[in-house]
Amino acid sequence: MADSEAIITENLTRDFKGIHAVNHLNLQVPTGQVFGFLGPNGAGKTTTIHLLLGLLAPTVGTAKVLGYDIRSAAGKIRGQTGVLLEYTGLYERLTVEDNLEFYGRIWGMSASERQARSKELLGQLGLWERRKEVVGKWSKGMKQKLAVARAIFHRPALIFLDEPTSGLDPVSASQLHQDLRDLVRHEGTTIFLTTHNLAEAEQLCNLVAVIRQGQIIAYGSPAELRSQGTTPQAEIEGTNFTPALIAALKARPEIAGVNLKDNLLSLDLTGTSRLAPLVNLVVEKGGQIEEVRKGRKSLEEVFLTLVTENKKSE
Ligand SMILES: Nc1ncnc2c1ncn2[C@@H]1O[C@H](COP(=O)(O)OP(=O)(O)O)[C@@H](O)[C@H]1O
Ligand SMILES: [Mg+2]
């Protein structure tokens, strides 16, 4: 069903002088998702966005965005999407409200629509009181907030945000995360967001694809990715973890591996086994326990595992 997918790519490929910047990409982004396109620098994220907007022609393959073919209907796609690429697209010498006014006119919005939308978005972003200020004097974080407002001003059905927090200090980045979450809840649009920051994807996205060297190496919800190919872990902090104690742990069927580093005993578990019997065993063998934690790998650890595993198999 075309309508349930905001984006579908089929073998989408773009070469640059022998590099497969985007390499036979088959990707689906359902309508209404906050999709995170996650990958290290040079992975092919920006090139993919350029292809999806018809700003670059594919070498091989094709894609549909909002039901339109990127080769034959790029104008329609650009008319119904909002885009924030590397540049904010803001006019530094204009005031905040004049910037939005300018874009509203380009999108053919009426004067009353422009005013209402300005008030709504600037209000949500906490910028309404500052609407008369000249943008050039603003901090990078505030400009980036306004750039997001600019990109979504005309209520596009789909928004592309290319590394929206890149170059922001941690405080401004986390404020923008909060704003993006609020906007998503309020506007309900489909978002295609690229990032090399895994914590960002984990916070903002409900669907994630990991891209490396132009190819997708993982796809799913952050929770699915986290559980992909990983083992549950337990950590026991303490002292007196003797070789005999470690040997006894290794002999247990529910333990796949034991690793001792300083005062930290890390256990790889074979399933979601209960920890109590293992804790008892440690105590029986003379271990002095300070703290016990059940481990859950973060998306970052899973991502790193995936990337290194794929490297090894090359
Ligand atoms: N216009 C271009 N000419 C030549 N190579 C390019 C061009 N744009 C991107 N590339 C190359 O394609 C690969 C993917 O780049 P890009 O899509 O910008 O990655 P990302 O956005 O994930 O950092 C990189 O190796 C990059 O050097
Ligand atoms: Mg990029």
Side-chain angles (χ1 to χ4, degrees), residues 7-29 33-63 65 70-71 74 77-78 81-90 140-141 143-144 147-148 150-151 158-169 172-173 176-177 180 190-205 207-220 222 225 299-300 302-311 314:
I7 298 170
I8 304 175
T9 74
E10 274 174 33
N11 292 321
L12 190 66
T13 301
R14 173 68 198 211
D15 297 343
F16 290 114
K17 298 178 214 114
I19 311 172
H20 302 304
V22 175
N23 192 356
H24 291 88
L25 202 70
N26 290 299
L27 180 67
Q28 296 188 2
V29 179
Q33 297 285 318
V34 181
F35 172 77
F37 203 35
L38 197 57
N41 288 331
K45 303 181 296 294
T46 300
T47 305
T48 303
I49 293 185
H50 287 167
L51 289 166
L52 294 175
L53 290 168
L55 300 171
L56 260 181
T59 309
V60 177
T62 188
V65 178
I70 55 166
R71 290 176 185 264
I77 295 171
R78 291 200 290 270
T81 50
V83 183
L84 177 54
L85 296 175
E86 194 182 338
Y87 301 101
T88 59
L90 298 173
K140 198 165 186 299
K143 283 182 192 166
Q144 198 66 357
V148 171
R150 193 269 299 158
L158 170 65
I159 299 161
F160 290 96
L161 300 172
D162 194 5
E163 309 220 14
T165 58
S166 115
L168 297 188
D169 63 80
S172 313
L176 192 62
H177 288 156
L180 286 173
T190 310
I191 299 199
F192 185 108
L193 175 140
T194 75
T195 180
H196 58 255
N197 178 341
L198 304 143
E200 178 165 295
E202 220 167 359
Q203 274 191 39
L204 294 176
C205 304
L207 183 65
V208 177
V210 180
I211 179 174
R212 186 180 153 266
Q213 295 187 354
Q215 292 183 305
I216 289 181
I217 57 173
Y219 176 91
L225 250 65
L299 189 55
E300 174 142 20
V302 175
F303 172 76
L304 290 174
T305 313
L306 283 167
V307 170
T308 12
E309 271 172 7
N310 276 40
K311 265 188 185 149
E314 266 175 8

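Treat the numbers as computed from the prediction; the structure is a model and nothing was measured. Note that these values count all heavy atoms, side chains included, but never hydrogens, waters or copies made by symmetry. One-based numbering, in listed order, for ligands and for the atoms of each.
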Could you tell me whether the Mg ion (ligand 2) has an N, O or S atom of Thr47 under 2.8 Å away? no

How many angstroms lie between CD1 in Ile49 and CG in Leu56, if you round to the nearest 0.5 Å?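 Here the interatomic distance stands at 11.5 Å.
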
Mark yes or no for whether [X], through its side chain, and [Y], through its backbone, hold a donor-acceptor pair below 3.5 Å.
X      : Y     : answer
Lys45  : Phe37 : no
Thr195 : Leu38 : no
Arg150 : Leu90 : no
Arg14  : Ala57 : yes

Report the nearest protein non-hydrogen atom to [atom]: residue, atom name, distance rounded to 0.1 Å.
atom                    : result
atom 19 (O) of ligand 1 : Gly44 N, 3.2 Å
atom 14 (C) of ligand 1 : Gly42 O, 3.3 Å
atom 27 (O) of ligand 1 : Ile19 CD1, 4.8 Å
atom 12 (O) of ligand 1 : Ala21 CB, 3.2 Å
atom 16 (P) of ligand 1 : Thr47 OG1, 3.6 Å
atom 18 (O) of ligand 1 : Thr46 CB, 3.8 Å
atom 1 (N) of ligand 1  : Phe16 CE2, 3.7 Å

Verify the contact flag for atom 22 (O) of ligand 1, where contact means a protein heavy atom under 4.0 Å away. yes

Glu163/His196 under side chain to side chain donor-acceptor pair (under 3.5 Å): CA gap, chis, key distance, verdict: CA-CA 8 Å; Glu163 309 220 14; His196 58 255; 2.9 Å; yes

For His177 and Glu200, what are the C-alpha separation, side-chain angles and deciding distance, and is it a side chain to side chain donor-acceptor pair (under 3.5 Å)? CA-CA 8 Å; His177 288 156; Glu200 178 165 295; 2.7 Å; yes

Step by step, work out the side chain to side chain donor-acceptor pair (under 3.5 Å) result for His20 and Asp15. CA-CA 4 Å; His20 302 304; Asp15 297 343; 2.7 Å; yes

Is there any N or O on Lys45 that sits under 3.5 Å from an N or O of ligand 1? yes

Non-hydrogen atoms of Gly39 versus ligand 1: any pair closer than 4.0 Å? no

Which ligand 1 atoms does Asn41 reach within 4.0 Å, using its non-hydrogen atoms?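 Under 4.0 Å from Asn41, ligand 1 has these atoms: 23 (O).
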
